[in-house]
There are 2 protein chains.
Amino acid sequence: MRISPLIRKLEQFTSLSENDKLRLECAAGEQLDYAPKQDVICQGDRPDHVHLLIEGWACRYKILHNGNRQIMAYLIPGDLCDVHVTLLDAMDHSIGALSACKILMFPKADLADLMLENPQILRALWWSTLVDEAILREWLVNVGGRPSEKRLGHLICEMIHRAGAVGLTTDNTFEMPLTQEELADTMGMSAVHMNRCFHTLRAEGLISTDARRILIHDLERLIAFSGFDPAYLHQVRVVSAQPTHTQMGNVRNRQY
Amino acid sequence: MRISPLIRKLEQFTSLSENDKLRLECAAGEQLDYAPKQDVICQGDRPDHVHLLIEGWACRYKILHNGNRQIMAYLIPGDLCDVHVTLLDAMDHSIGALSACKILMFPKADLADLMLENPQILRALWWSTLVDEAILREWLVNVGGRPSEKRLGHLICEMIHRAGAVGLTTDNTFEMPLTQEELADTMGMSAVHMNRCFHTLRAEGLISTDARRILIHDLERLIAFSGFDPAYLHQVRVVSAQPTHTQMGNVRNRQY
DNA sequence: CGGCTCATTGACCAACGTCAATGCCGGTGG
DNA sequence: CCACCGGCATTGACGTTGGTCAATGAGCCG
């Protein structure tokens, strides 16, 4: 099914009946491709579709008055870009593709109807926005309270957990298709300093990088170094970062 | 009704029938008082009630490994502390009273039932969590991307808008019962530097402070200075910061 | 009056930003 | 095949923002 990454994500929280899954799949409309750096949705838009990312990485961002860009979230396969639009008026931020992305569009009205008649799906989608919110809180903690190297370490810990939960890790390696400048814009620091942070983490023997692939040498040590605690991800049925079979035998779309 | 502040808040988004309001009021249980600095909910708790703040200010916060406190949200009358618990497992952060607070408890199960049988209330509560999330995004932008004086200015702009929406402002004045240290913990800076920021805003003639009361001399100029745009608050039916009657004649609980 | 909390200020220091130069690598056109 | 270019990573030198420490004062309360 095209919506497998979403199902896999929602099933971290609840189980969905075959019927629920089919209804969701049927609500899906057109599928679109986006190139890196292309905008998926712009601030101020009132999209009439809800967008589901099924391949690639994207981000939420805002441009400040001084021209700075602040990235506020990373979206990976299974993440919904804008459940907001079922309830809020206009987008208060933009969504941009970070790598090549495939996006599936759900007509807003159909999804709203589906949620109204199927409380289980509604709860699952609400749950996903609550987890997004928890992640956002942790990002605020990260930017507000941690020194720069731990900030980077913490983000890497988060992303390997999230990527693992949708089957995008092998051993302790995963693709993180981000430039250092994009990471810098995420953590409120300069690209130059971001580079110095990578230097430190490599010098400490915590990670290696190869193009956009990140290898974590000792996840336990990186977690301790960064003060990471995965509780905020609310992965009720956890999928570890180690290579593993996703429970329920749902192993489609493993690409790396 | 004891839940008036909540009703007033939700009616920014949707109108509720008299029946809806009564059902909500009836779902409310015990009311508790908290002293300043007292914890309402601790990280790791699995509360069996949803907490509604009806008087005073509270905050969401986490304590980091290095002992730093990061405040991630301010809660004012009408805000729900933990709708999360209807769906998530355990609290991933704590809630603390900033001033003397009155809190109304809704048994989790009753509220869950009410939402299940009344989609209008469910939508309204979901909307409120989506707005919380939008505010959180803007806080991340604030901490990540703005220089310290604008950070403070921006927060003041936000809080006078939010306080205005629940009738807690008179002219351009409002109570902000926060110490400079608490503000510093909110914006990821030191208390000393927070003080320097206040100094600057006063020197610029933008604000005056008197105990914990803030007077804004020229809101337009403060907004321009801080790069503030209220769109993210999603106040669909806006209540201005000027003295005004809340629409629908709902003017209870104006205390200041 | 004494003790507390909080605001305020100055002196000094560390973290991080800015600027600029260099190198690497993949793509592209001749 | 090679020269050139653009995007990105890397590094050093230097400047600025904001942190730390410590002292002082103002207001409140028993």
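Residue numbering restarts at 1 for every chain, and letters A, B, ... go by the order of the sequence lines.
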In whole angstroms, how far is the [atom2] atom of [N] from the [atom1] atom of [X]?
X	N	atom1	atom2	value
B:Q180	C:dT8	CD	C1'	8 Å
A:E182	D:dG7	CD	P	13 Å
B:L152	C:dA7	CG	P	12 Å
A:D185	C:dG17	CG	C1'	13 Å
B:R212	D:dC28	CZ	P	11 Å
A:E181	D:dT10	CD	C1'	14 Å
A:R213	D:dA9	CZ	P	17 Å
B:F198	C:dA7	CZ	P	8 Å

Earlier contact from the 5' end, DNA chain C, for B:H199 and B:K37: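 Comparing both residues, the 5'-ward one is B:K37.
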N or O in side chain of B:N195 less than 4.0 angstrom from C:dT8 OP1/OP2: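 Yes, because at least one side-chain N or O of B:N195 sits under 4.0 Å from OP1 or OP2 of C:dT8.
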B:Q43, CD: over 12 other non-hydrogen atoms inside 6.0 angstrom: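 Atom CD in B:Q43 is crowded, with more than 12 foreign heavy atoms closer than 6.0 Å.
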Aromatic ring pairing A:H154/A:Y232, orientation class (parallel under 30°, perpendicular over 60°, tilted between):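 The arrangement is parallel - the two ring planes meet at less than 30°.
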N/O donor-acceptor pair under 3.5 Å between B:D82 side chain and B:V85 backbone: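 Not at all, since once roles are kept as given, no pair shorter than 3.5 Å links the two residues.
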A:W57 and A:E175 side chains, donor-acceptor separation under 3.5 Å: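 No.
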Distance-only polar pair, side chains of B:R213 and B:T173, donor-acceptor under 3.5 Å: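 Per modelled atom types, B:R213 and B:T173 side chains form no pair under 3.5 Å.
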Give every pair of a protein N or O atom and an N or O atom of nucleotides 15-22 of chain D that lie under 3.5 Å apart, one pair per line with the distance.
from: D:dG18; atom 1: OP1; to: B:S148; atom 2: N; distance (Å): 3.3
from: D:dG18; atom 1: OP2; to: B:S148; atom 2: OG; distance (Å): 2.9
from: D:dG18; atom 1: OP2; to: B:H193; atom 2: NE2; distance (Å): 3.4
from: D:dG19; atom 1: OP1; to: B:S190; atom 2: N; distance (Å): 3.3
from: D:dG19; atom 1: OP2; to: B:S190; atom 2: N; distance (Å): 3.2
from: D:dG19; atom 1: OP2; to: B:S190; atom 2: OG; distance (Å): 3.0
from: D:dG19; atom 1: N7; to: B:R196; atom 2: NH2; distance (Å): 2.8
from: D:dG19; atom 1: O6; to: B:R196; atom 2: NH2; distance (Å): 3.3

Min side-chain heavy-atom separation B:H65-A:K150 under 4.5 Å: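 No; the side chains remain at least 4.5 Å from each other.
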